Amino acid sequence: MRGSAGFLLCSLLLVTPHGTEVAAQDAQQEGPKGEKGEEGVQGPKGDQGEIGPPGQRGFPGQPGLNGQKGEGAFIYRSAFSVGLKDRAPHPNVPIRFSKIFYNEQNHYDTSTGKFLCSIPGTYYFAYHLTVYLKDVKVSLYKKDKAVIFTYDQFQNNNVDQASGSVLLHLSSGDEIWLQVYGEGGDNNGVYADNVNDSTFMGFLLYPDLDVH
């Protein structure tokens with residue numbers, strides 16, 4: 001009887017550790033994969049990293065092609081500025097200003113006293129006249145027609161001035177000049193000497209682009 005009980009006890013001691021090992025192995029096996037959890041709250045922004053060293057300078061690019069040559073501004077130049085040398089010009093004829101301040105394009109003719117338009121466009125003209133000894137009546141003419149009139153009455157023992165200006169559109173071939181008007185010599189007090197000038201000037205503001 002004791003021998004049987006001892007045998008049984010030995011058998012149990014041998015079997016028990018084996019069963020425990022099997023159970024442990026079963027417990028270590030992974031179960032089925034669970035569902036994906038919700039996304040967590042975004043963490044705070046990290047500190048800015050240090051600025052890296054500058055990169056190497058690149059090679060220069062190839063030069064571009066030359067652009068087309070534009071039209072020179074000198075094509076549209078037209079200007080003059082002249083002064084009077086002789087005193088008391090004759091009435092009813094163009095005043096011939098023979099003192100040249102600027103006449104590079106030679107569009108003002110000192111022999112006739114007329115400006116000849118070579119570039120159609122809009123022009124500005126102005127005159128400033130010294131008045132002495134007599135009254136002055138003067139007009140600016142365009143193609144044999146007076147455009148503006150200026151009158152100044154001389155005061156005894158005094159030197160006065162008369163002036164005028166105008167914007168005009170001119171066509172090629174139009175002529176512009178100043179002229180004393182009135183009968184006799186009572187209105188030609190336009191004066192000039194070595195300290196007093198009477199001047200006439202004009203220049204192109206902008207050309208007619210549909211022509212040039």
Side-chain angles (χ1 to χ4, degrees), residues 13-83 97 99-110 115-130 140 142 147-148 150 161-176 178 195-212:
L13 292 175
L14 294 173
V15 172
T16 300
H18 179 73
T20 303
E21 184 179 354
V22 172
Q25 290 179 356
D26 292 340
Q28 291 178 358
Q29 292 181 358
E30 295 182 0
K33 188 175 181 180
E35 296 180 358
K36 184 178 181 180
E38 296 181 359
E39 184 177 354
V41 180
Q42 184 177 358
K45 185 177 180 180
D47 297 334
Q48 184 175 357
E50 296 182 359
I51 300 176
Q56 295 182 353
R57 185 175 182 181
F59 295 103
Q62 296 294 329
L65 300 176
N66 293 331
Q68 294 182 355
K69 186 177 181 180
E71 295 183 358
F74 69 90
I75 297 176
Y76 308 116
R77 289 179 182 173
S78 180
F80 72 94
S81 179
V82 293
F97 294 86
K99 182 189 291 186
I100 304 300
F101 301 112
Y102 180 88
N103 192 29
E104 185 174 335
Q105 296 80 35
N106 293 315
H107 292 168
Y108 179 84
D109 189 345
T110 57
F115 168 78
L116 177 64
C117 175
S118 299
I119 305 172
T122 301
Y123 287 78
Y124 175 78
F125 296 97
Y127 52 89
H128 184 86
L129 308 175
T130 298
L140 185 142
K142 173 187 175 184
V147 178
I148 59 173
T150 299
Q161 287 81 35
S163 60
S165 60
V166 66
L167 281 174
L168 293 175
H169 180 269
L170 302 183
S171 300
S172 182
D174 286 348
E175 292 180 322
I176 300 292
L178 284 180
V195 293
N196 293 280
D197 279 306
S198 291
T199 61
F200 180 36
M201 57 87 71
F203 57 86
L204 174 68
L205 281 178
Y206 50 87
D208 292 344
L209 297 180
D210 56 341
V211 177
H212 289 270

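Note that the coordinates shown come from a computational prediction; the quantities given were computed from them, not determined experimentally. In this chain, residues are counted from 1 in sequence order.
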Please tell me whether Phe80 and Phe200 form a close aromatic pair, meaning their ring centres lie under 6.0 Å apart.
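Yes, close enough.
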Could you tell me whether Phe115 and Tyr108 have their ring centroids closer than 6.0 angstrom?
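No, the ring of Phe115 stays outside the 6.0 Å limit from the ring of Tyr108, centre to centre.
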Do [X] and [Y] touch side chain to side chain, with heavy atoms closer than 4.5 Å?
X	Y	result
Asp197	Lys99	yes
Phe125	Leu170	yes
Thr122	His169	yes
Met201	Tyr124	yes
Thr150	Tyr127	yes
Asp174	Leu168	no

Once rounded to the nearest 0.5 Å, what's the spacing between atom [atom1] of [X] and atom [atom2] of [Y]?
X	Y	atom1	atom2	answer
Ser165	Ile148	OG	CD1	6.5 Å
Thr199	Leu178	OG1	CG	9.5 Å
Leu129	Gln161	CG	CD	9.5 Å
Ile119	Ser172	CD1	OG	9.0 Å
Leu205	Tyr123	CG	OH	10.0 Å

Polar side-chain atom of Ser171 near backbone of Pro120 as donor-acceptor pair, under 3.5 Å:
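Absent.
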Between Arg77 and His107, which heavy-atom pair has the shortest distance, and what is it?
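It is O-CE1, 3.8 Å.
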Over all atoms of both residues, closest heavy-atom pair of Ala79 and Gln105:
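Nearest heavy atoms, Ala79 then Gln105: N-OE1, 3.2 Å.
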